[in-house]
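Data block below; observations after.
Chain letters run A, B, ... following the sequence lines, proteins first, then strands; residues in each count from 1.
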Protein chains: 2
Amino acid sequence: MQATAFSPHDHTHCISSAISHAQSLCANRGVRLTPVRQRVLELVWQSHQPIGAYELLASLAKEGFNSAPPTVYRALEFLSDQDLLHKLESVNAYVGCCNPDTPHQGHFLLCQICHQAQELDSQYITLALKLSADQHGFEIQHHTIEIVGTCQGCLDKSKTPESVL
Amino acid sequence: MQATAFSPHDHTHCISSAISHAQSLCANRGVRLTPVRQRVLELVWQSHQPIGAYELLASLAKEGFNSAPPTVYRALEFLSDQDLLHKLESVNAYVGCCNPDTPHQGHFLLCQICHQAQELDSQYITLALKLSADQHGFEIQHHTIEIVGTCQGCLDKSKTPESVL
DNA sequence: TTGATTATTGTTATAATATAACATAACATG
DNA sequence: CATGTTATGTTATATTATAACAATAATCAA
Ligand SMILES: [Zn+2]
Ligand SMILES: [Zn+2]
Ligand SMILES: [Zn+2]
Ligand SMILES: [Zn+2]
(Lines give C-alpha, C1' and ligand atoms only; values in the text may rest on other atoms or scores of the structure.)
(Ligands and ions follow the chains in the order given, each with its own letter.)
Protein backbone atom coordinates (compact mmCIF):
# COMPACT_ATOMS: atom_id res chain seq x y z
CA MET A 1 0.00 0.00 0.00
CA GLN A 2 1.58 3.26 -1.07
CA ALA A 3 -0.14 6.30 0.34
CA THR A 4 1.26 9.40 -1.23
CA ALA A 5 0.25 12.45 0.78
CA PHE A 6 0.89 10.89 4.16
CA SER A 7 4.23 9.23 3.42
CA PRO A 8 7.56 10.94 2.72
CA HIS A 9 8.02 11.58 -0.97
CA ASP A 10 9.53 13.97 -3.46
CA HIS A 11 6.79 16.53 -3.48
CA THR A 12 8.43 18.70 -6.13
CA HIS A 13 7.63 15.78 -8.39
CA CYS A 14 3.94 15.96 -7.40
CA ILE A 15 3.89 19.62 -8.36
CA SER A 16 5.74 19.43 -11.66
CA SER A 17 3.86 16.34 -12.70
CA ALA A 18 0.50 17.90 -11.85
CA ILE A 19 1.30 21.03 -13.81
CA SER A 20 2.65 19.36 -16.92
CA HIS A 21 -0.25 16.93 -16.79
CA ALA A 22 -2.67 19.85 -16.58
CA GLN A 23 -1.00 21.62 -19.48
CA SER A 24 -1.28 18.71 -21.86
CA LEU A 25 -4.77 17.88 -20.68
CA CYS A 26 -6.00 21.43 -21.27
CA ALA A 27 -4.31 21.50 -24.68
CA ASN A 28 -6.04 18.27 -25.63
CA ARG A 29 -9.36 19.55 -24.45
CA GLY A 30 -8.98 22.88 -26.23
CA VAL A 31 -9.34 24.92 -23.04
CA ARG A 32 -6.95 27.59 -21.83
CA LEU A 33 -4.76 27.14 -18.78
CA THR A 34 -4.16 30.87 -18.44
CA PRO A 35 -1.44 32.29 -16.15
CA VAL A 36 -3.75 32.90 -13.22
CA ARG A 37 -5.36 29.49 -13.58
CA GLN A 38 -2.01 27.74 -13.72
CA ARG A 39 -0.72 29.74 -10.77
CA VAL A 40 -3.76 28.82 -8.68
CA LEU A 41 -3.20 25.18 -9.56
CA GLU A 42 0.47 25.47 -8.54
CA LEU A 43 -0.53 27.09 -5.26
CA VAL A 44 -3.06 24.36 -4.59
CA TRP A 45 -0.34 21.80 -5.24
CA GLN A 46 2.19 23.50 -2.96
CA SER A 47 1.30 20.90 -0.40
CA HIS A 48 -1.20 18.16 0.26
CA GLN A 49 -2.99 20.37 2.73
CA PRO A 50 -6.28 21.69 1.36
CA ILE A 51 -6.02 25.45 0.89
CA GLY A 52 -8.77 28.05 1.21
CA ALA A 53 -9.84 30.52 -1.45
CA TYR A 54 -8.77 33.57 0.52
CA GLU A 55 -5.38 32.12 1.27
CA LEU A 56 -4.90 31.60 -2.45
CA LEU A 57 -6.05 35.15 -2.99
CA ALA A 58 -3.44 36.50 -0.57
CA SER A 59 -0.69 34.63 -2.39
CA LEU A 60 -1.85 35.91 -5.75
CA ALA A 61 -1.91 39.45 -4.39
CA LYS A 62 1.70 39.17 -3.17
CA GLU A 63 2.73 38.00 -6.59
CA GLY A 64 1.13 40.93 -8.37
CA PHE A 65 -1.86 39.09 -9.76
CA ASN A 66 -5.26 40.63 -9.58
CA SER A 67 -6.59 39.97 -6.14
CA ALA A 68 -10.33 40.23 -5.94
CA PRO A 69 -12.37 37.22 -4.88
CA PRO A 70 -13.91 36.57 -8.30
CA THR A 71 -10.44 36.02 -9.74
CA VAL A 72 -9.67 33.08 -7.52
CA TYR A 73 -13.19 31.67 -7.51
CA ARG A 74 -13.23 31.72 -11.32
CA ALA A 75 -9.92 29.94 -11.46
CA LEU A 76 -11.14 27.38 -8.95
CA GLU A 77 -14.31 26.87 -10.94
CA PHE A 78 -12.34 26.31 -14.14
CA LEU A 79 -9.92 23.90 -12.47
CA SER A 80 -12.79 22.05 -10.86
CA ASP A 81 -14.66 21.83 -14.16
CA GLN A 82 -11.54 20.34 -15.70
CA ASP A 83 -11.25 17.86 -12.83
CA LEU A 84 -7.90 19.33 -11.84
CA LEU A 85 -8.92 19.86 -8.24
CA HIS A 86 -11.59 19.03 -5.71
CA LYS A 87 -13.28 21.09 -3.04
CA LEU A 88 -13.41 19.57 0.43
CA GLU A 89 -16.82 20.66 1.65
CA SER A 90 -16.21 19.98 5.29
CA VAL A 91 -13.33 22.48 5.45
CA ASN A 92 -14.13 24.85 2.55
CA ALA A 93 -10.75 24.23 0.99
CA TYR A 94 -9.31 22.87 -2.21
CA VAL A 95 -6.85 20.10 -3.10
CA GLY A 96 -5.25 19.05 -6.34
CA CYS A 97 -6.70 16.01 -8.03
CA CYS A 98 -4.40 13.05 -8.53
CA ASN A 99 -6.25 11.64 -11.50
CA PRO A 100 -7.75 14.40 -13.67
CA ASP A 101 -8.01 12.29 -16.81
CA THR A 102 -11.23 10.61 -15.85
CA PRO A 103 -14.06 12.62 -14.31
CA HIS A 104 -14.83 11.34 -10.84
CA GLN A 105 -15.60 12.36 -7.31
CA GLY A 106 -12.92 11.42 -4.91
CA HIS A 107 -13.07 9.96 -1.47
CA PHE A 108 -10.84 11.81 0.94
CA LEU A 109 -8.88 11.01 4.05
CA LEU A 110 -8.16 14.17 6.06
CA CYS A 111 -5.66 14.06 8.88
CA GLN A 112 -6.60 16.40 11.70
CA ILE A 113 -3.02 16.51 12.96
CA CYS A 114 -0.95 17.28 9.85
CA HIS A 115 -3.97 18.60 7.91
CA GLN A 116 -3.01 16.73 4.79
CA ALA A 117 -5.59 15.16 2.52
CA GLN A 118 -5.29 11.98 0.51
CA GLU A 119 -7.66 11.26 -2.31
CA LEU A 120 -8.82 7.67 -2.66
CA ASP A 121 -10.82 5.99 -5.33
CA SER A 122 -12.01 3.05 -3.33
CA GLN A 123 -14.10 0.47 -5.13
CA TYR A 124 -15.32 -0.67 -1.72
CA ILE A 125 -16.77 2.74 -1.04
CA THR A 126 -18.14 3.23 -4.53
CA LEU A 127 -19.89 -0.13 -4.34
CA ALA A 128 -21.22 0.46 -0.84
CA LEU A 129 -22.68 3.81 -1.88
CA LYS A 130 -24.29 2.21 -4.91
CA LEU A 131 -25.77 -0.64 -2.87
CA SER A 132 -27.19 1.73 -0.28
CA ALA A 133 -28.63 4.05 -2.89
CA ASP A 134 -30.14 1.15 -4.83
CA GLN A 135 -31.89 -0.11 -1.72
CA HIS A 136 -33.77 3.18 -1.67
CA GLY A 137 -34.32 3.42 -5.42
CA PHE A 138 -32.05 6.45 -5.33
CA GLU A 139 -30.05 7.44 -8.40
CA ILE A 140 -26.65 8.90 -7.54
CA GLN A 141 -25.39 11.99 -9.35
CA HIS A 142 -22.45 12.90 -7.17
CA HIS A 143 -21.22 12.64 -3.63
CA THR A 144 -19.12 14.13 -0.87
CA ILE A 145 -17.05 11.58 1.03
CA GLU A 146 -14.67 13.08 3.57
CA ILE A 147 -13.15 10.95 6.29
CA VAL A 148 -11.50 12.84 9.13
CA GLY A 149 -9.05 11.17 11.49
CA THR A 150 -5.38 10.56 12.06
CA CYS A 151 -2.97 9.40 9.40
CA GLN A 152 -0.45 6.64 9.90
CA GLY A 153 2.49 9.04 10.15
CA CYS A 154 0.84 11.12 12.84
CA LEU A 155 -0.27 7.98 14.70
CA ASP A 156 3.32 6.72 14.67
CA LYS A 157 4.60 10.01 16.04
CA SER A 158 2.03 10.04 18.83
CA LYS A 159 3.06 6.52 19.81
CA THR A 160 6.75 7.40 19.94
CA PRO A 161 7.26 9.69 22.94
CA GLU A 162 10.21 12.08 22.86
CA SER A 163 11.98 10.18 25.62
CA VAL A 164 12.31 7.11 23.42
CA LEU A 165 13.91 8.95 20.53
CA MET B 1 -37.29 -1.27 2.47
CA GLN B 2 -39.07 1.64 4.08
CA ALA B 3 -37.56 5.00 3.23
CA THR B 4 -39.15 7.65 5.36
CA ALA B 5 -38.27 11.07 3.99
CA PHE B 6 -38.86 10.17 0.36
CA SER B 7 -42.08 8.24 0.75
CA PRO B 8 -45.48 9.59 1.75
CA HIS B 9 -45.96 9.46 5.48
CA ASP B 10 -47.60 11.22 8.40
CA HIS B 11 -45.01 13.88 8.92
CA THR B 12 -46.74 15.37 11.95
CA HIS B 13 -45.77 12.11 13.60
CA CYS B 14 -42.10 12.69 12.66
CA ILE B 15 -42.25 16.08 14.34
CA SER B 16 -44.05 15.13 17.51
CA SER B 17 -42.01 12.00 17.94
CA ALA B 18 -38.73 13.88 17.42
CA ILE B 19 -39.69 16.51 19.96
CA SER B 20 -40.94 14.18 22.66
CA HIS B 21 -37.91 11.99 22.09
CA ALA B 22 -35.65 15.02 22.46
CA GLN B 23 -37.41 16.08 25.64
CA SER B 24 -36.96 12.77 27.40
CA LEU B 25 -33.43 12.39 26.09
CA CYS B 26 -32.40 15.82 27.40
CA ALA B 27 -34.06 15.12 30.72
CA ASN B 28 -32.14 11.85 31.03
CA ARG B 29 -28.90 13.55 30.13
CA GLY B 30 -29.48 16.43 32.54
CA VAL B 31 -29.26 19.06 29.84
CA ARG B 32 -31.81 21.75 29.16
CA LEU B 33 -33.98 21.81 26.08
CA THR B 34 -34.80 25.50 26.49
CA PRO B 35 -37.60 27.18 24.52
CA VAL B 36 -35.34 28.51 21.79
CA ARG B 37 -33.54 25.18 21.47
CA GLN B 38 -36.78 23.26 21.22
CA ARG B 39 -38.21 25.74 18.74
CA VAL B 40 -35.13 25.42 16.53
CA LEU B 41 -35.47 21.66 16.65
CA GLU B 42 -39.15 21.94 15.70
CA LEU B 43 -38.28 24.24 12.82
CA VAL B 44 -35.60 21.85 11.62
CA TRP B 45 -38.17 19.06 11.73
CA GLN B 46 -40.80 21.05 9.84
CA SER B 47 -39.78 19.06 6.81
CA HIS B 48 -37.15 16.63 5.63
CA GLN B 49 -35.49 19.39 3.67
CA PRO B 50 -32.28 20.58 5.29
CA ILE B 51 -32.75 24.16 6.51
CA GLY B 52 -30.15 26.93 6.71
CA ALA B 53 -29.21 28.87 9.83
CA TYR B 54 -30.45 32.18 8.49
CA GLU B 55 -33.77 30.73 7.46
CA LEU B 56 -34.18 29.45 11.00
CA LEU B 57 -33.21 32.89 12.24
CA ALA B 58 -35.90 34.53 10.12
CA SER B 59 -38.54 32.19 11.51
CA LEU B 60 -37.44 32.85 15.07
CA ALA B 61 -37.58 36.58 14.43
CA LYS B 62 -41.18 36.35 13.15
CA GLU B 63 -42.13 34.47 16.28
CA GLY B 64 -40.68 37.08 18.61
CA PHE B 65 -37.60 35.14 19.63
CA ASN B 66 -34.28 36.86 19.80
CA SER B 67 -32.92 36.96 16.30
CA ALA B 68 -29.22 37.49 16.17
CA PRO B 69 -27.01 34.87 14.54
CA PRO B 70 -25.43 33.63 17.78
CA THR B 71 -28.85 32.63 19.04
CA VAL B 72 -29.47 30.16 16.28
CA TYR B 73 -25.88 28.96 16.01
CA ARG B 74 -25.81 28.25 19.74
CA ALA B 75 -29.03 26.31 19.51
CA LEU B 76 -27.67 24.37 16.53
CA GLU B 77 -24.47 23.64 18.40
CA PHE B 78 -26.40 22.36 21.41
CA LEU B 79 -28.67 20.20 19.29
CA SER B 80 -25.72 18.86 17.35
CA ASP B 81 -23.81 18.10 20.55
CA GLN B 82 -26.84 16.17 21.75
CA ASP B 83 -27.02 14.29 18.42
CA LEU B 84 -30.44 15.74 17.74
CA LEU B 85 -29.49 17.03 14.33
CA HIS B 86 -26.78 16.87 11.70
CA LYS B 87 -25.23 19.51 9.51
CA LEU B 88 -25.03 18.73 5.81
CA GLU B 89 -21.69 20.23 4.86
CA SER B 90 -22.29 20.25 1.15
CA VAL B 91 -25.30 22.54 1.48
CA ASN B 92 -24.64 24.35 4.79
CA ALA B 93 -27.95 23.24 6.17
CA TYR B 94 -29.30 21.21 9.03
CA VAL B 95 -31.58 18.17 9.33
CA GLY B 96 -33.10 16.42 12.28
CA CYS B 97 -31.48 13.19 13.35
CA CYS B 98 -33.61 10.06 13.24
CA ASN B 99 -31.65 8.20 15.88
CA PRO B 100 -30.31 10.55 18.54
CA ASP B 101 -29.90 7.85 21.20
CA THR B 102 -26.61 6.59 19.94
CA PRO B 103 -23.90 9.03 18.85
CA HIS B 104 -23.09 8.50 15.19
CA GLN B 105 -22.40 10.24 11.95
CA GLY B 106 -25.04 9.61 9.41
CA HIS B 107 -24.85 8.88 5.74
CA PHE B 108 -27.18 11.08 3.75
CA LEU B 109 -29.13 10.82 0.54
CA LEU B 110 -30.03 14.26 -0.80
CA CYS B 111 -32.55 14.58 -3.61
CA GLN B 112 -31.75 17.49 -5.88
CA ILE B 113 -35.33 17.65 -7.12
CA CYS B 114 -37.41 17.67 -3.93
CA HIS B 115 -34.46 18.74 -1.75
CA GLN B 116 -35.28 16.24 0.93
CA ALA B 117 -32.63 14.39 2.85
CA GLN B 118 -32.75 10.86 4.17
CA GLU B 119 -30.30 9.72 6.80
CA LEU B 120 -28.96 6.20 6.44
CA ASP B 121 -26.83 4.14 8.72
CA SER B 122 -25.51 1.71 6.18
CA GLN B 123 -23.27 -1.05 7.43
CA TYR B 124 -22.02 -1.42 3.86
CA ILE B 125 -20.75 2.14 3.88
CA THR B 126 -19.39 1.98 7.41
CA LEU B 127 -17.48 -1.18 6.57
CA ALA B 128 -16.18 0.18 3.26
CA LEU B 129 -14.92 3.33 4.97
CA LYS B 130 -13.20 1.25 7.62
CA LEU B 131 -11.58 -1.05 5.07
CA SER B 132 -10.29 1.86 3.00
CA ALA B 133 -8.97 3.69 6.04
CA ASP B 134 -7.31 0.55 7.38
CA GLN B 135 -5.49 0.04 4.10
CA HIS B 136 -3.81 3.38 4.73
CA GLY B 137 -3.24 2.88 8.43
CA PHE B 138 -5.69 5.73 8.94
CA GLU B 139 -7.73 5.97 12.13
CA ILE B 140 -11.21 7.40 11.55
CA GLN B 141 -12.63 9.99 13.95
CA HIS B 142 -15.61 11.15 11.97
CA HIS B 143 -16.85 11.53 8.44
CA THR B 144 -19.03 13.43 6.03
CA ILE B 145 -20.98 11.20 3.65
CA GLU B 146 -23.46 13.07 1.45
CA ILE B 147 -24.87 11.44 -1.65
CA VAL B 148 -26.65 13.76 -4.07
CA GLY B 149 -28.99 12.47 -6.71
CA THR B 150 -32.64 11.79 -7.42
CA CYS B 151 -34.96 9.99 -5.05
CA GLN B 152 -37.35 7.27 -6.09
CA GLY B 153 -40.41 9.48 -5.88
CA CYS B 154 -38.89 12.14 -8.09
CA LEU B 155 -37.62 9.52 -10.54
CA ASP B 156 -41.13 8.08 -10.79
CA LYS B 157 -42.60 11.50 -11.47
CA SER B 158 -40.05 12.23 -14.19
CA LYS B 159 -40.91 8.92 -15.87
CA THR B 160 -44.63 9.66 -15.83
CA PRO B 161 -45.21 12.45 -18.35
CA GLU B 162 -48.23 14.69 -17.84
CA SER B 163 -49.95 13.30 -20.93
CA VAL B 164 -50.18 9.88 -19.33
CA LEU B 165 -51.82 11.12 -16.17
C1' DT C 1 -6.94 42.54 -42.01
C1' DT C 2 -11.01 43.76 -40.26
C1' DG C 3 -14.96 43.28 -37.69
C1' DA C 4 -17.94 40.22 -35.19
C1' DT C 5 -18.05 36.88 -31.61
C1' DT C 6 -16.81 34.65 -27.60
C1' DA C 7 -13.94 33.85 -23.60
C1' DT C 8 -11.49 35.88 -20.02
C1' DT C 9 -10.37 39.27 -16.70
C1' DG C 10 -11.14 43.65 -13.92
C1' DT C 11 -13.87 46.05 -10.63
C1' DT C 12 -17.26 47.20 -7.28
C1' DA C 13 -20.53 45.84 -4.42
C1' DT C 14 -22.97 42.64 -1.74
C1' DA C 15 -24.79 38.08 -0.26
C1' DA C 16 -24.47 34.15 2.69
C1' DT C 17 -22.47 31.72 6.44
C1' DA C 18 -20.33 31.81 10.94
C1' DT C 19 -17.83 33.40 15.20
C1' DA C 20 -15.53 36.63 18.81
C1' DA C 21 -16.13 39.19 22.74
C1' DC C 22 -18.29 40.87 26.44
C1' DA C 23 -22.57 42.11 29.13
C1' DT C 24 -26.70 40.47 31.34
C1' DA C 25 -29.98 37.21 33.03
C1' DA C 26 -31.59 32.73 34.67
C1' DC C 27 -30.81 28.71 37.15
C1' DA C 28 -28.85 25.55 40.58
C1' DT C 29 -26.99 24.54 44.93
C1' DG C 30 -25.36 25.00 49.57
C1' DC D 1 -29.37 34.83 50.17
C1' DA D 2 -24.76 34.22 48.12
C1' DT D 3 -22.34 31.98 44.85
C1' DG D 4 -20.86 29.61 40.75
C1' DT D 5 -22.52 28.01 36.46
C1' DT D 6 -25.20 27.94 32.38
C1' DA D 7 -27.76 30.33 29.02
C1' DT D 8 -29.03 34.41 26.52
C1' DG D 9 -28.61 39.28 24.71
C1' DT D 10 -25.99 42.42 22.00
C1' DT D 11 -22.67 44.43 18.98
C1' DA D 12 -19.33 43.83 15.97
C1' DT D 13 -16.71 41.35 12.76
C1' DA D 14 -14.70 37.29 10.34
C1' DT D 15 -15.07 34.04 6.62
C1' DT D 16 -16.71 32.24 2.36
C1' DA D 17 -18.88 33.11 -2.01
C1' DT D 18 -21.49 35.42 -5.84
C1' DA D 19 -23.97 39.19 -8.71
C1' DA D 20 -23.54 42.54 -12.05
C1' DC D 21 -21.47 45.05 -15.39
C1' DA D 22 -17.27 47.02 -17.76
C1' DA D 23 -13.03 46.26 -20.16
C1' DT D 24 -9.81 43.43 -22.53
C1' DA D 25 -7.98 39.55 -25.08
C1' DA D 26 -8.33 35.60 -28.01
C1' DT D 27 -10.64 33.43 -31.96
C1' DC D 28 -12.42 33.07 -36.30
C1' DA D 29 -15.16 33.99 -40.42
C1' DA D 30 -15.52 36.87 -44.28
ZN1 LIG E 1 3.26 15.32 -2.82
ZN1 LIG F 1 -1.23 13.37 9.61
ZN1 LIG G 1 -41.40 13.02 8.07
ZN1 LIG H 1 -36.88 13.84 -4.49
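- Remark: ring of A:Y54 stacked against base of D:dT16; centroid gap under 5.5 Å, plane tilt under 30°.
- Between C:dA18, C:dT12, D:dA17, one nucleotide has an atom nearer to the side chain of A:A68 than all others, and that is C:dT12.
- Side-chain contact, A:Q141 with B:T150: a donor N or O sits under 3.5 Å from an acceptor N or O.
- B:L88 places its CG atom 17 Å from the C1' atom of C:dA18, with the value rounded to the nearest Å.
- Atom CG in A:L56 sits roughly 15 Å away from atom P in D:dT15 (whole-Å rounding).
- At D:dA17, one or more side-chain N or O atoms of A:K87 fall inside 4.0 Å of OP1 or OP2 (strictly under the cut-off).
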Which atoms of nucleotides 7-10 of chain C (N or O only) lie under 3.5 Å from a protein N or O atom, and what are those distances?
unit_1, atom_1, unit_2, atom_2, d
C:dT8, OP1, A:R37, NH1, 3.3
C:dT9, OP1, A:T34, OG1, 2.6
C:dG10, OP2, A:N66, ND2, 3.1
C:dG10, N7, A:R74, NH1, 2.8
C:dG10, O6, A:R74, NH2, 2.4

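- If you check the side chains of A:H48 and A:H9, you find a donor sitting under 3.5 Å from an acceptor.
- With 3.5 Å as the limit, one finds no donor-acceptor pair spanning the side chains of B:E89 and A:S90.
- Judged by distance alone, the side chains of B:Q46 and B:E42 never bring a donor and an acceptor atom under 3.5 Å apart.
- One atom, CZ of B:R39, and another, C1' of D:dT8, lie 19 Å apart when rounded to the nearest Å.
- Ring planes of B:H86 and B:F108: perpendicular class, angle over 60° (limits at 30 and 60°).
- Lacking a ring centre under 5.5 Å from that of the base six-membered ring together with a plane angle below 30°, B:Y73 does not count as stacked on C:dT19.
- In this structure, a donor-acceptor pair under 3.5 Å is absent between the side chains of B:Q152 and A:E139.
- The nearest whole Å value for the distance from the CG atom in B:L79 to the P atom in D:dT8 is 11 Å.
- Here the P atom of nucleotide D:dT16 and the CD1 atom of A:I51 are 12 Å apart, to the nearest Å.
- Atom C1' of nucleotide D:dT8 and atom CG of B:L57 are separated by 14 Å, given to the nearest angstrom.
- Look at CD on B:E77: it is 11 Å from P on D:dA7, rounded to the nearest Å.
- OP1 or OP2 of C:dA18 sits under 4.0 Å from a side-chain N or O of B:N92.
- Residues B:Q105 and B:T144 have side chains that never bring a donor and an acceptor to within less than 3.5 angstrom of each other.
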